[in-house]
Engineer: 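Quick one: the structure is below, and I'll ask about it shortly.
Reminder, nothing fancy here: chain letters follow the sequence lines and each chain counts from 1.
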There are 2 protein chains.
Amino acid sequence: MVTIADVARQAGVATSTVSYVLSGKRSISGATRDRVQEAVRVLGYRPNASARALASSRSNVLALVIPLRAGMHVPVLMQFATAVVTTARRFDHDVLLLTADEGRSGLERVSQSALVDALVVMDVELHDERVPLLRELPMPSVLIGIPADTEGLTCIDLDFFAAAEQCVDHLTDLGHREIALLGTPSAVYERQTGFAARTMAGFQAAAERRGIQGIETPCESTFDAVLGTVGELLREHPGITGLVVQNEPIIGPLLDVLRSLGRRVPEDMSLLAICADDVAERQVPKLSSVTLPADEIGQQAVEALIAKLDGNQAPAVTLVPAQLTARASTSTAP
Amino acid sequence: MVTIADVARQAGVATSTVSYVLSGKRSISGATRDRVQEAVRVLGYRPNASARALASSRSNVLALVIPLRAGMHVPVLMQFATAVVTTARRFDHDVLLLTADEGRSGLERVSQSALVDALVVMDVELHDERVPLLRELPMPSVLIGIPADTEGLTCIDLDFFAAAEQCVDHLTDLGHREIALLGTPSAVYERQTGFAARTMAGFQAAAERRGIQGIETPCESTFDAVLGTVGELLREHPGITGLVVQNEPIIGPLLDVLRSLGRRVPEDMSLLAICADDVAERQVPKLSSVTLPADEIGQQAVEALIAKLDGNQAPAVTLVPAQLTARASTSTAP
DNA sequence: GTGAAAGCGCTAACAA
DNA sequence: TTGTTAGCGCTTTCAC
């Protein structure tokens, strides 16, 4: 194994000089820097991560906490995760994956053992059991998702309340008077997962404000569930002319079901989705949607975390503004 | 921060004694052990991961390499990943997530910096560029997937060749004479991803052996692609009475498409899937299938890796036997 | 059965 | 601008 001492010897300098060349934490003459860098190259030197972490009290590793609970759509979670990893690498950090519901104990373990020096927490519930713990931990954290009490936290997420409001406004403006929110699987609401709860709240608030009828219903992520849920919905509320979907995997099946029920989109039924842009554009017809910018959110989460690690302040709550793009799936009410 | 010295002082012993109590690497009197454990408890001591790694040259972290390339079905990958994380924790290891195509350089970085002490590599191609590198790295690795040349490697995967053979045999035994493999998106074949290539090879070999006509076709993972691909397939080969699907996200759409084409399953068309059991059982009708035991494979991969870390031999290639379960989607040819 | 002490490879004072 | 060196917190050899 090549150590910093080997490099120092090869370059004819002190180990500290090598260290400083590598970290850039003090100025080095050009000649010395070149000699050191050449030695590094020749010997194929890589700093030992443990030694560096021990000496500097910085592991350069972030923990990514993804519980993978029932009802969550994995590809969307992984979009966040990928953005987190990519951005972390930009800041020279790696990412430790915490999945299995080790829950609180997992967080305590990795933080108290100094395995990581900051945490990104996903799949946040309104009354998340991890939140009190995060407040106590000796290291910074960022939540992707927003709990009920954000005191002392740093949280980032799409403004799902506004997203739902914009959907309601868009449909109402088009003349729809009776609309429904076809939501996530019920398990997600039962856990009071933040994004689902806030979407529903925004939907209700906007419907009330605009004086139209808004119906909310969860929906499991299978074709049969869509068939059953939509069938029942339209039976009990035959006047519904607009749907807002917040459940990515059922988007395809939903279009099929509407087709099979003889409801044309958008002529008979307007459809709005809250999902990634590419998903909306892949459908036939292309769906009007509010973007879920997973990449941007994951990236901002890491940037906020790095800021905190550098001793800078990060805003308590960052709501990424909702942006509605009208495509081919919404039109004036029949 | 509580250190081992604090614990030693509190218990009235040497730091080495504390270390040995914790590791169990030498025998300790009951009384001493109790005092130390009590001190650990009282002080809430957690060993510092970096210090431990530096002193022992073992980070107790595994790298999980998931490229997340085009055409791969993320939920299945995450099933493997979750099994890897869970099993790693059983052996007191954590998991570092490597996604973004850092490719070779990422592997070199984490291994040469001793950030991890072993690697689990997923999404393996027949001629994977990472394979030569893995042979050279100074640390053990396990592939989930099987490249063309397995010399010097440890690889684990479902026996996809046999899986396809069993599907062909099952359908042939039921009297089908013209069958098709509806495969993964074409990008997966173009990369020569191991599991897809081996499935196709098994399908061809078995069809030839049984003297029936086997047609292979890739299929993108959208409803429209299924509609188009299946439509064309049945137009060009109207005699097809059996389908083998290796593409989880299209299973639902495929059933819809067959229904819309007026082909009843299994009366007019037998359907076999290569997928997780729960997916097969969730369909209507329940699908006959060859199980993809992601949990078992992920678990075995980690177990093999731990064995190698402990200096034990691990088999070069472990093919998890394919198991076909006949359910309601296959029957005698019409 | 237990303790003392020498590192592990690096960072960051402190010194020059 | 560069060098010297004392740790960082732990494991493990050596000694008793």
Engineer: What distance separates A:Arg35 CZ from A:Ile28 CD1, expressed to the nearest 0.5 Å?
Structural biologist: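 The CZ atom of A:Arg35 sits 10.5 Å away from the CD1 atom of A:Ile28.
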Engineer: Compare side-chain N and O positions of B:Lys25 against OP1 and OP2 of D:dT12 and report whether any pair is under 4.0 Å apart.
Structural biologist: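 So the side-chain polar atoms of B:Lys25 do come within 4.0 Å of the phosphate oxygens OP1 or OP2 of D:dT12, strictly under.
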Engineer: Does B:Arg130 offer a backbone N or O that forms a donor-acceptor pair with the side chain of B:Asp128 under 3.5 Å?
Structural biologist: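 Yes, the answer is positive, given that a donor and an acceptor are paired below the 3.5 Å cut-off.
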Engineer: Sequence neighbours excluded, which residues qualify as salt bridge (Lys or Arg N to Asp or Glu O under 4.0 Å) partners of A:Arg26?
Structural biologist: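 None.
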Engineer: For D:dG3, does the base pair up with any side-chain atom of A:Arg9 as donor and acceptor (N or O, under 3.5 Å, distance only)?
Structural biologist: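 No pair found.
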Engineer: Checking B:Leu319 against B:Ile146 for the side-chain contact (heavy atoms from CB on, under 4.5 Å) test, could you report, in this order, the C-alpha distance in whole Å, the side-chain angles of both residues, the deciding distance, and whether it holds?
Structural biologist: CA-CA 9 Å; B:Leu319 286 176; B:Ile146 302 180; 3.2 Å; yes
Engineer: Would you mind reading off the distance between B:Tyr20 atom OH and C:dG3 atom P, rounded to a whole angstrom?
Structural biologist: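 B:Tyr20 atom OH is separated from C:dG3 atom P by 12 Å.
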Engineer: Thinking salt bridges, do B:Glu136 and B:Arg104 make one under a 4.0 Å N-O criterion?
Structural biologist: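 The answer is no: the pair does not qualify as a salt bridge.
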Engineer: Which residues, if any, of residues 30-62 of chain B bring a heavy atom under 4.0 Å of DNA chain C?
Structural biologist: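 Close to the strand are B:Thr32, B:Leu54, B:Ala55.
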Engineer: Is a donor-acceptor pair below 3.5 Å formed from side chain A:Arg26 to base D:dT2, judging by atom type as modelled?
Structural biologist: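 Answer yes: a donor N or O sits under 3.5 Å from an acceptor.
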Engineer: Distance check needed: D:dT12 P versus B:Ile28 CD1, whole Å only.
Structural biologist: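 Atom-to-atom, B:Ile28 to D:dT12, this comes out as 13 Å.
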Engineer: May I ask you to decide if B:Leu115's main-chain N or O and B:Ser59's side chain share a donor-acceptor pair within less than 3.5 Å?
Structural biologist: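 Answer holds: yes.
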Engineer: With the threshold set at under 4.0 Å for non-hydrogen atoms, list the residues of residues 11-18 of chain B touching DNA chain C in residue-number order.
Structural biologist: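 Within this stretch, B:Gly12, B:Val13, B:Ala14, B:Thr15, B:Ser16, B:Thr17 sit under 4.0 Å of the strand.
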Engineer: Using modelled atom types only, decide if a donor and an acceptor are shared between the side chain of A:Arg90 and the backbone of A:Gln299 within a distance under 3.5 Å.
Structural biologist: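 Checked: no pair found.
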Engineer: Could you give the CD1-to-P distance, from B:Ile4 to D:dC10, as a whole number of Å?
Structural biologist: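 The distance from CD1 of B:Ile4 to P of D:dC10 comes to 5 Å, rounded to the nearest Å.
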Engineer: So does B:Ser113 get a backbone contact from the side chain of A:Arg46, meaning a donor-acceptor N/O pair under 3.5 Å?
Structural biologist: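 The answer is no, because no donor-acceptor pair under 3.5 Å joins these two groups.
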